[in-house]
Novice: 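Have a look at this one before I ask anything.
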Number of protein chains: 2
Amino acid sequence: MALQSKKKTKQSGECPFQEAMDLIAGKWTMSIVNVLMSGTMRFKELERQVTGINTRMLVKELKQLEAKKIVKRKAYATVPPTVEYSLTEKGTSLKPVLTAIQSWAISVLQPR
Amino acid sequence: MALQSKKKTKQSGECPFQEAMDLIAGKWTMSIVNVLMSGTMRFKELERQVTGINTRMLVKELKQLEAKKIVKRKAYATVPPTVEYSLTEKGTSLKPVLTAIQSWAISVLQPR
DNA sequence: GCCAATACTTTACTTTAGTATACTATATGC
DNA sequence: GCATATAGTATACTAAAGTAAAGTATTGGC
């Protein structure tokens, strides 16, 4: 617990590919990005559209995606609170990756 | 330990996209596929080329990739043993996904 | 005064991923 | 007879990912 020299930077600075994989991996990450491709969305709406996810995971993923500058968060001081999530430019630039995965999924994983 | 009715099928049968993500995620998976894109390789050679991986992880990943029909395994009864790994057709079909990730990584993650 | 709605937080787990290191079998070369 | 090489196993962990379910604050509607 004492010395925090073990910064655990995930040392993926080595290779941009590894860095990208760190970002892309995760059960929910790409699904969220995928849903957000269709536009700005509020938290509850995201929770409904990303089927199967639970609150804790969505919060966690959104925080990570925000930290990685993939997702933008905008809060309004209404009651009940309104928070809007949308993709940044970096986020939308993931589109080709998304479509590549999707077409692979459809052509290879679908029995027909 | 007793009843194994909890088959934990990872119920990704829902959506081919989720199924693809299950496959693609994992710290080492795509790196291994990437290395194997350059051709057939033996276990030790793979261990050397996939920098940073350890034996246990490589074994585990290769087993999973084999089960998912992404990788082919061919063993020869020599001493010391020879085992050759290569991509299946399904494996090589991942190329577009790989290149999409790579070009995203280079254009977005690289500072310049 | 209670319910609903939003955007979370908190607590308490279980499961999977990943790491580190030592060990095994066997023939060949020295 | 000892080291070397290959393709793993085995053991023993730690850390991260993911799940489940309840709680919080606020206010407008009934």
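Just so it is clear, the model here is predicted, and its values are computed rather than measured. Naming: A, B, ... by sequence-line order, numbering from 1 per chain.
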Novice: In terms of side-chain geometry, is the basic nitrogen of A:Glu45 or A:Arg48 positioned less than 4.0 Å from the acidic oxygen of its partner?
Specialist: yes
Novice: Between P on D:dT9 and NZ on B:Lys44, what's the gap in Å once rounded to a whole number?
Specialist: 13 Å
Novice: If only atom types and distance count, is the side chain of A:Thr99 paired as donor or acceptor with the main-chain N or O of A:Lys95 below 3.5 Å?
Specialist: yes
Novice: Give, for atom CZ of B:Phe17 and atom CD of A:Gln102, the distance between the pair rounded to the nearest 0.5 Å.
Specialist: 5.5 Å
Novice: In the structure I gave you, are the side-chain heavy atoms of A:Arg42 and A:Val83 within less than 4.5 Å of one another anywhere?
Specialist: no
Novice: Within residues 76-84 of chain B, find the residues that approach DNA chain C with a heavy atom at under 4.0 Å, and present them sorted by residue number.
Specialist: B:Val79
Novice: What does the list of N/O pairs under 3.5 Å between the protein and nucleotides 10-12 of chain D look like, with a distance for each?
Specialist:
unit_1	atom_1	unit_2	atom_2	d
D:dT11	O4	B:Arg56	NE	3.2

Novice: Please confirm whether the shortest side-chain N or O distance from B:Arg42 to OP1 or OP2 of D:dA7 is below 4.0 Å.
Specialist: yes
Novice: Starting from P on D:dA17, measure out to CD1 on A:Ile32 and report it in whole angstrom.
Specialist: 13 Å
Novice: Just N and O in the side chain of B:Lys27: are any of them under 4.0 Å from OP1 or OP2 of C:dT19?
Specialist: yes
Novice: Taking atom C1' of D:dT19 as reference, at what distance in whole Å does atom CD1 of A:Ile53 sit?
Specialist: 11 Å
Novice: Report yes if the side chains of B:Trp104 and A:Ser93 come closer than 4.5 Å at any heavy-atom pair, otherwise no.
Specialist: yes
Novice: Find the distance A:Met21:CE to D:dA17:P and express it as a whole number of Å.
Specialist: 13 Å
Novice: Do any pairs count as a salt bridge (charged side-chain N to carboxylate O under 4.0 Å, His left out) and have a residue in residues 77-93 of chain A, sequence neighbours left out, and if so which ones?
Specialist: none
Novice: Is A:Tyr85 close enough to C:dC8 that one of its side-chain N or O atoms is under 4.0 Å from OP1 or OP2 there?
Specialist: yes
Novice: Check DNA chain D against residues 58-66 of chain B and give the residues with a non-hydrogen atom under 4.0 Å, in numerical order.
Specialist: B:Val59, B:Lys63
Novice: Given atom CG of B:Leu46 and atom P of D:dA7, what is their separation to the nearest angstrom?
Specialist: 9 Å
Novice: Run the side-chain contact (heavy atoms from CB on, under 4.5 Å) test against B:Lys72 and tell me which residues pass, sequence neighbours left out.
Specialist: B:Ser86, B:Thr88
Novice: Decide whether B:Ser107 and B:Ser103 meet the rule of one side-chain donor and one side-chain acceptor closer than 3.5 Å.
Specialist: no
Novice: May I have the distance from A:Met57 (atom CE) to C:dA12 (atom C1'), rounded to whole angstrom?
Specialist: 14 Å
Novice: Out of D:dT19, D:dA7, C:dA7, which nucleotide sits closest to the side chain of A:Phe43?
Specialist: C:dA7
Novice: Go through the steps to decide whether A:Met30 and A:Val97 satisfy the test side-chain contact (heavy atoms from CB on, under 4.5 Å), and finish with yes or no.
Specialist: CA-CA 10 Å; A:Met30 290 306 264; A:Val97 175; 3.9 Å; yes
Novice: Starting at CH2 of A:Trp28 and ending at P of C:dT16, how long is that distance when rounded to a whole Å?
Specialist: 15 Å
Novice: Looking at residues at least two apart in the chain, or sitting in another chain, which of them share a salt bridge (Lys or Arg N to Asp or Glu O under 4.0 Å) with B:Lys44?
Specialist: B:Glu47
Novice: Got a second to check how far A:Leu23's CG is from A:Leu65's CG, nearest 0.5 Å?
Specialist: 7.0 Å
Novice: Would you kindly give the CG-to-P distance between A:Asn54 and D:dA17, to the nearest whole Å?
Specialist: 15 Å
Novice: Between B:Thr29 (side chain only) and B:Ala25 (backbone N and O only), is there a donor and an acceptor less than 3.5 Å apart?
Specialist: yes
